[in-house]
Amino acid sequence: MGHLAGDVFLNMAWEALNNLGAAQDRPVIVVLNDNGRSYEPTTGAMAVHLHTLKSGKDAAACRNLFTDLGFSYFGPVDGHSTGAVEEVLRRARTFNRPVLVHVVTVKGKGYAPAEEDEADCLHAVGTVDPATGRSCGDGLPSWTAVFGRALCELTAERPDLVAITAAMLRPTGLHPMQQRFPERVFDVGIAEQHAVTSAAGLAMGGLHPVVAVYATFLNRAFDQVLMDVGLHRLPVTFVLDRAGITGPDGPSHHGMWDLSLLAMVPGMRVAAPRDAARVQELLGEAVAHDQGPTTLRIPKAMASRDIAALARMDGIDILHRSPHRPLEVPLVGVGPLAGAALDAAALLEEQGIGTTVADPRWVLPVNPALAALAARHRLAVSIEDGVVTGGIGWALAQACQAHAVSTPVVPLGLPRSFVPHGPRTGLLARAGLDAAGVARAVHDALGLRPSVAGASFAAREALR
């Protein structure tokens, strides 16, 4: 038995229907669960067609899209009536041919806060008050909210800016822009491939599209990023929400692969803000770039408090230099992991190891100044919340080799495996991407034994 869910059909679903409908001797039952929503209310011609089928008195007897594709159509059926669903499935089973059962449901049925949640805030939640369904947050703005505000400000200044969402207006932070500039936000339904190619078309027409999508879902549209946008050096900005470890969302939603994938796209520039102030700064730089595509990646978390730079060196922010110690190790923190790099620097200094903490801001392509920085140290360490294979650390090592820099590079990142469900901080620590893990990696690379201070720090962390 097949199952079709979500917004308008993805390409694979269309391909499956096309394949199954042509084979009249295949006893396949496809269940279309139609609740009128994905994250947002469904859009497009398919949504209109399904609404017509739901409202028609004789829909079962009428010719429709599914019958034209070769299916027998049953529906609409009340999906919350177990008896009705069982009866129609039994009937469908007797046909011994492709059948589509159109089941109508209500999203969040049985839980009043979810049924009344027009903004779909309960699609994916953390800790909520069960009586109201409201989130129990700590009051800090999310990275998504910071991006949404920054985009609105830029849109007011730049008439060429437009935004595209794949049925995720609120989850990716585009709702404020849609409210303020409704004619400049386009919802293409759950169709990331179409979102990217339509952005390419808009860019060719003189606009600067911002495509906001979950980092893990960009995997679906990599071919379009590469061939429709990258090949033509089009000014499209991708904003990747939930980049890195997302925590409770689980293995399918960790935004682990974007850095490795985007590193292969010629002309792609990727920025990773370390805090809220850098979101606005780097987004402004991204949409001002008109020589090719750009990407901004932000995590699923509350936004980091602003981290001021001591200096900016050839586009790289220097966040810390160890006083009165030989500078043995530069710690290159990618995006919000700059905070972990600073914590590790403090720990290493207690152990007599001098550090420089650098935030590259633009992580791809690698700034040559990073190779120059590495050349002045014994060891360079990169810290990123993407798969270490083919990530920023690997790119830095290649840049050092290209510039004849012999300083070894230790890339720290996520393992080449599927990361399980768990809290973001815990999963990062498990991957060695917290202060204690970074310090251990430095000790190992330098051939040193951890000091008592390091051991006590690790013990304190374990008790948190």
Novice: Nearest 0.5 Å please: distance from the OG1 atom of Thr246 over to the NE2 atom of His254.
Specialist: 5.0 Å

Novice: Using every non-hydrogen atom in the two residues, find where Ala375 and Thr407 come nearest and quote the distance to one decimal.
Specialist: CA-OG1, 3.6 Å

Novice: Is the closest side-chain heavy-atom distance between Leu161 and Val210 below 4.5 Å?
Specialist: yes

Novice: Ignoring hydrogens and angles, tell me if any N or O in the side chain of Ser198 forms a donor-acceptor pair with the backbone of His194 under 3.5 Å.
Specialist: yes

Novice: Please report the interatomic distance CG(Leu174) to CG(Leu169), rounded to the nearest 0.5 Å.
Specialist: 6.0 Å

Novice: For the CD atom of Glu192 and the CD1 atom of Ile164, what is their distance to the nearest 0.5 Å?
Specialist: 12.0 Å

Novice: What distance do Arg321 atom CZ and Leu310 atom CG have between them, rounded to the nearest 0.5 Å?
Specialist: 6.5 Å

Novice: So, His320 side chain and Thr356 main chain: donor-acceptor pair closer than 3.5 Å or not?
Specialist: no

Novice: Between Arg361 and Asp359, does any NZ, NE, NH1 or NH2 come within less than 4.0 Å of an OD or OE carboxylate oxygen?
Specialist: no

Novice: Any non-hydrogen side-chain atom of Glu328 less than 4.5 Å from a side-chain atom of Arg378?
Specialist: yes

Novice: Is His49 atom NE2 crowded by more than 12 heavy atoms from other residues, nucleotides or ligands, each under 6.0 Å away?
Specialist: yes

Novice: Does atom CZ of Arg430 have more than 12 heavy-atom neighbours from other groups under 6.0 Å away?
Specialist: no

Novice: Do any N or O atoms from the side chain of His51 and from the backbone of Ala47 form a donor-acceptor pair under 3.5 angstrom?
Specialist: no

Novice: Give me the atom names and distance for the closest heavy-atom approach of Ala345 to Leu331.
Specialist: N-CD1, 3.9 Å

Novice: Got a donor-acceptor contact below 3.5 angstrom from the Arg274 side chain to the Ile307 backbone?
Specialist: yes

Novice: Are more than 12 heavy atoms from other residues, nucleotides or ligands located less than 6.0 Å from atom CZ of Arg312?
Specialist: yes

Novice: For Trp143 and Ile298, which heavy atoms make the closest approach, and how far apart are they?
Specialist: O-CD1, 3.8 Å

Novice: Would you call Phe66 and Val30 a side-chain contact if the rule is heavy atoms closer than 4.5 Å?
Specialist: no

Novice: Side-chain contact test, heavy atoms from C-beta onward, threshold under 4.5 Å: evaluate it for Leu348 versus Val442 and give yes or no.
Specialist: yes

Novice: Which one of Thr237, Leu234, Leu202 satisfies the side chain to side chain contact (heavy atoms under 4.5 Å, CB included) criterion with Pro209?
Specialist: Leu202

Novice: Would you confirm whether Arg184, through its side chain, and Thr155, through its main-chain N or O, come within 3.5 Å as a donor-acceptor pair?
Specialist: yes

Novice: Looking at Ser55 and Thr52, would you say the former's side chain and the latter's main chain have a donor-acceptor pair under 3.5 Å?
Specialist: yes

Novice: Is the CD atom of Gln179 crowded by more than 12 outside heavy atoms at less than 6.0 Å?
Specialist: yes

Novice: Can you list the steps and then say if Thr216 with Met256 is a side chain to side chain contact (heavy atoms under 4.5 Å, CB included)?
Specialist: CA-CA 7 Å; Thr216 188; Met256 300 168 51; over 6 Å; no

Novice: Are the side chain of His377 and the backbone of Leu373 linked by a donor-acceptor contact shorter than 3.5 Å?
Specialist: yes

Novice: Calculate, to the nearest 0.5 Å, the distance between atoms OG and CH2 belonging to Ser382 and Trp394 respectively.
Specialist: 11.5 Å

Novice: Apply the test side-chain hydrogen bond (donor to acceptor under 3.5 Å, both in side chains) to residues Thr165 and Asp187: give CA-CA distance (whole Å), side-chain angles for both, the deciding distance (0.1 Å), then the verdict.
Specialist: CA-CA 5 Å; Thr165 177; Asp187 184 350; 5.0 Å; no

Novice: How about Phe217 and His253: are their ring centres within less than 6.0 Å of each other?
Specialist: yes

Novice: Within the structure provided, determine whether Leu412 and Val388 are in side-chain contact (heavy-atom separation under 4.5 Å).
Specialist: no

Novice: Test your reading of the model: is there a side-chain donor-acceptor pair from Asn367 to the backbone of Leu370, 3.5 Å cut-off?
Specialist: no

Novice: Hey, does Thr294 have a side-chain heavy atom less than 4.5 Å from the side chain of Val270?
Specialist: no

Novice: Supply the atom-to-atom distance Leu50 CG to Leu65 CG, rounded to the nearest 0.5 angstrom.
Specialist: 8.5 Å

Novice: With a 3.5 Å distance limit and no angle check, can you tell me whether Arg269 reaches the backbone of Pro293 through a side-chain donor-acceptor pair?
Specialist: no

Novice: Do side-chain atoms of Arg149 reach the backbone of Gln280 as a donor and acceptor pair under 3.5 angstrom?
Specialist: no

Novice: Of the options Thr389, Val387, Leu262, Leu218, which is the one that meets Trp257 in a side chain to side chain contact (heavy atoms under 4.5 Å, CB included)?
Specialist: Val387

Novice: For Asp241, is there an ion pair with Lys300 - N to carboxylate O distance below 4.0 angstrom?
Specialist: no

Novice: For the pair Asp34 and Lys107, find out whether any cationic side-chain nitrogen is under 4.0 Å from an anionic carboxylate oxygen.
Specialist: no

Novice: Would you check if Trp362 and Ile316 make a side-chain contact, meaning some heavy-atom pair closer than 4.5 Å?
Specialist: no

Novice: Do the charged groups of Asp258 and Arg297 touch, with an N to O distance under 4.0 Å?
Specialist: yes

Novice: Considering only heavy atoms from C-beta outward, does the side chain of Ile392 approach that of Leu259 to under 4.5 Å?
Specialist: yes

